[in-house]
2 protein chains.
Amino acid sequence: MLNSPLPRDPIAEAREQWVSHGWASEADAMAAITAVMRTASIYLQRADAILKPHGLTFARFEVLALLGFSKRGSLPMSRASELLQVHATSLTNSVDRLEATGLVQRIAHPTDGRTRLLELNPQGLEVLNAAREDLNKMLFAQSNLAPKDATELFEILSRFRRASCDFL
Amino acid sequence: MLNSPLPRDPIAEAREQWVSHGWASEADAMAAITAVMRTASIYLQRADAILKPHGLTFARFEVLALLGFSKRGSLPMSRASELLQVHATSLTNSVDRLEATGLVQRIAHPTDGRTRLLELNPQGLEVLNAAREDLNKMLFAQSNLAPKDATELFEILSRFRRASCDFL
DNA sequence: TCCAAACCCTTGGAAGTCCAAGTATATTGT
DNA sequence: ACAATATACTTGGACTTCCAAGGGTTTGGA
């Protein structure tokens, strides 16, 4: 999608339409929510572009990053999907690909036959470190968010997520 | 994905990991960006659930809403994909489905053989009105955002989108 | 004029998301 | 002890997104 910037913010325009059609009380939330979706899509595209040379997507990067932080070095899939807050099937999908490229391993749980433990392979750790460095340099350090905005944004969304029972 | 709320915000946890591993200067942006993605996914799920009884998804709703606002009642696909800020192929996909259910029509452009005009059918207008009412009542009016937060959120994301050349 | 470049849209493919349903294993209650 | 229930993961399907590549149409420069 080639970005020749639009002369006018289409979300601001939609907001005005909302107001002029009599839904003024919902207009701000509509605009905020639509902007959140658009912003997520921009960041996701940028992240995926940065990760592509590493053979990763953002979804798979998140799995590696989570495993990299786990004390034991392994994590049940159920726990991982809970922490990443994605459906179990999405994780199955990601892990299938990570396993196919040898970055991750599914191993049996010692006592519970239902559970699969995820383990980072040495190669997975290398890819994770390289990918994270790129992501830090090229995405997070250049987020186009003023430091104050980044903080405020996180706080607003934390209030939202708590209100939505995303966490206690 | 059954939401038994987590005892602790996993994004806040990731942020701490970032700090303790020496990436403190990127930690706030990482947390903000991750929170944006998570929030978008929550809203998208809620929107799709609300729209499902209307036979719509959020992507298709946005197409209908855009057409409902256009003065002439018709819009070139290129213009629509520009305003919705999605790739042309995504719009083709949405319009295929909207056309298959009779909500929308592709008609030939009078003077430019390349261009297809999108037109809302009477049935599409009905579905749009009903769906928008539900979305206003069940999503936007219950966004879990304090009015001040909604405004501030939109402003922060507008600054970001402008800085990212999303619009002028 | 006319051929190359630009433009509009579609097709095919890879990837992600979710849900519903199925399989296998554990746990629980009688 | 055993049947019913719950949990963990996978499979298949629907949907979205993007990209790369192709087919038609229009425009513009030599």
Side-chain angles (χ1 to χ4, degrees), chain A residues 1-4 37-52 54-63 75-82 84-101 104 106-118, chain B residues 1-4 37-63 75-82 84-101 106-118:
Chain A
M1 184 172 44
L2 295 180
N3 263 357
S4 51
M37 291 181 176
R38 171 68 186 147
T39 301
S41 128
I42 292 173
Y43 277 128
L44 186 59
Q45 269 177 256
R46 288 182 55 189
D48 281 345
I50 291 166
L51 291 171
K52 190 165 192 171
H54 299 277
L56 290 179
T57 62
F58 192 69
R60 277 174 268 162
F61 169 81
E62 283 192 296
V63 176
L75 216 51
M77 294 201 46
S78 53
R79 180 79 182 129
S81 81
E82 191 176 46
L84 295 173
Q85 298 177 287
V86 297
H87 201 222
T89 55
S90 301
L91 185 62
T92 294
N93 185 323
S94 300
V95 170
D96 281 350
R97 297 170 201 278
L98 288 170
E99 201 170 26
T101 50
V104 142
R106 270 183 253 236
I107 59 184
H109 189 285
T111 67
D112 189 332
R114 298 167 298 180
T115 299
R116 303 303 191 85
L117 295 175
L118 293 182
Chain B
M1 184 174 43
L2 294 180
N3 263 358
S4 49
M37 291 180 176
R38 172 68 185 146
T39 301
S41 130
I42 292 173
Y43 277 128
L44 187 59
Q45 269 176 257
R46 288 182 54 188
D48 281 344
I50 291 165
L51 291 170
K52 190 166 193 171
H54 299 276
L56 291 178
T57 62
F58 193 68
R60 278 175 265 165
F61 169 80
E62 283 192 298
V63 177
L75 217 50
M77 294 201 45
S78 53
R79 181 76 183 133
S81 82
E82 191 176 47
L84 296 172
Q85 299 178 286
V86 296
H87 202 217
T89 54
S90 301
L91 185 62
T92 293
N93 186 318
S94 300
V95 171
D96 282 350
R97 296 170 201 277
L98 288 169
E99 202 171 26
T101 49
R106 269 184 255 237
I107 59 183
H109 189 285
T111 67
D112 189 332
R114 296 168 298 182
T115 301
R116 301 303 193 83
L117 295 174
L118 292 182

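Order of the sequence lines fixes the chain letters, A, B, ..., with proteins taken first and strands second; residue numbering starts at 1 for each chain.
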- Note on the structure: Between the CG atom in A/Asn93 and the CG atom in A/Leu98, the distance rounded to the nearest 0.5 Å is 9.5 Å
- Task: Taking the side chain as every heavy atom from C-beta outward, state whether A/Pro110 and A/Leu117 have any atom pair closer than 4.5 Å.
- Result: yes
- Could you state the interatomic distance from CZ (B/Arg79) to CG (B/Leu91), rounded to the nearest 0.5 Å? 13.0 Å
- Whole-Å distance separating the CD atom of A/Gln85 from the P atom of C/dC18: 11 Å
- Message: Looking at every non-hydrogen atom in both residues, tell me the closest pair between A/Asp112 and A/His109 and how far apart they are.
- Response: N-ND1, 2.9 Å
- Query: Quick one: CD on A/Glu82 to CG on A/Leu75, what's the gap to the nearest 0.5 Å?
  - Reply: 10.0 Å
Every protein N/O lying under 3.5 Å from an N/O of nucleotides 14-16 of chain D:
unit_1 : atom_1 : unit_2  : atom_2 : d
D/dC15 : OP2    : B/Arg97 : NH1    : 3.1
D/dC15 : O3'    : B/Arg60 : NH2    : 3.2
D/dT16 : OP1    : B/Thr57 : OG1    : 2.7
D/dT16 : OP1    : B/Arg60 : NE     : 2.8
D/dT16 : OP1    : B/Arg60 : NH2    : 3.2
D/dT16 : OP2    : B/Asn93 : OD1    : 3.3
D/dT16 : OP2    : B/Arg97 : NE     : 2.7

- Rounding to a whole Å, what distance do you find between B/Leu51:CG and C/dC18:C1'? 15 Å
- Query: Between C/dA14 atom P and A/Lys52 atom NZ, what is the distance in whole Å?
  - Reply: 12 Å
- Message: B/Asp48: which residues meet the salt bridge (charged side-chain N to carboxylate O under 4.0 Å, His left out) condition with it, sequence neighbours left out?
- Response: none
- Mind checking what makes salt bridge (charged side-chain N to carboxylate O under 4.0 Å, His left out) contact with B/Arg106, not counting sequence neighbours? B/Asp96, B/Glu99
- Task: Report the distance from atom CE of B/Met37 to atom C1' of C/dG16, rounded to the nearest whole Å.
- Result: 12 Å
- Note on the structure: CE (B/Met37) and CD (A/Gln85) are apart, to the nearest 0.5 Å, by 14.0 Å
- Task: Give the rounded distance in Å between these two atoms: CD1 of B/Ile107 and P of C/dC9.
- Result: 12 Å
Only distances under 3.5 Å count here; give the side-chain donor-acceptor pairs of residues 55-63 of chain B to other protein atoms, sequence neighbours excluded, each with its distance to 0.1 Å.
unit_1  : atom_1 : unit_2  : atom_2 : d
B/Thr57 : OG1    : B/Arg60 : N      : 3.3
B/Thr57 : OG1    : B/Arg60 : NE     : 3.4

- Message: Strictly under 4.0 angstrom, non-hydrogen atoms only: write out the protein contact profile of nucleotides 6-11 of chain D, one letter per nucleotide from the 5' end, B, S or -.
- Response: -BSSBB
- Query: Atom CZ in A/Arg116, atom OG in A/Ser78: separation rounded to 0.5 Å?
  - Reply: 12.0 Å
- Note on the structure: Whole-Å distance, B/Leu56 CG to C/dC18 C1', equals 17 Å
Listing time: all N or O pairs from protein to nucleotides 3-5 of chain C that are below 3.5 Å?
none

- Between C/dG16 (C1') and B/Arg38 (CZ): distance, integer Å: 15 Å
- Query: Is there side-chain contact between A/Thr115 and A/Met77, with at least one heavy-atom pair below 4.5 Å?
  - Reply: no
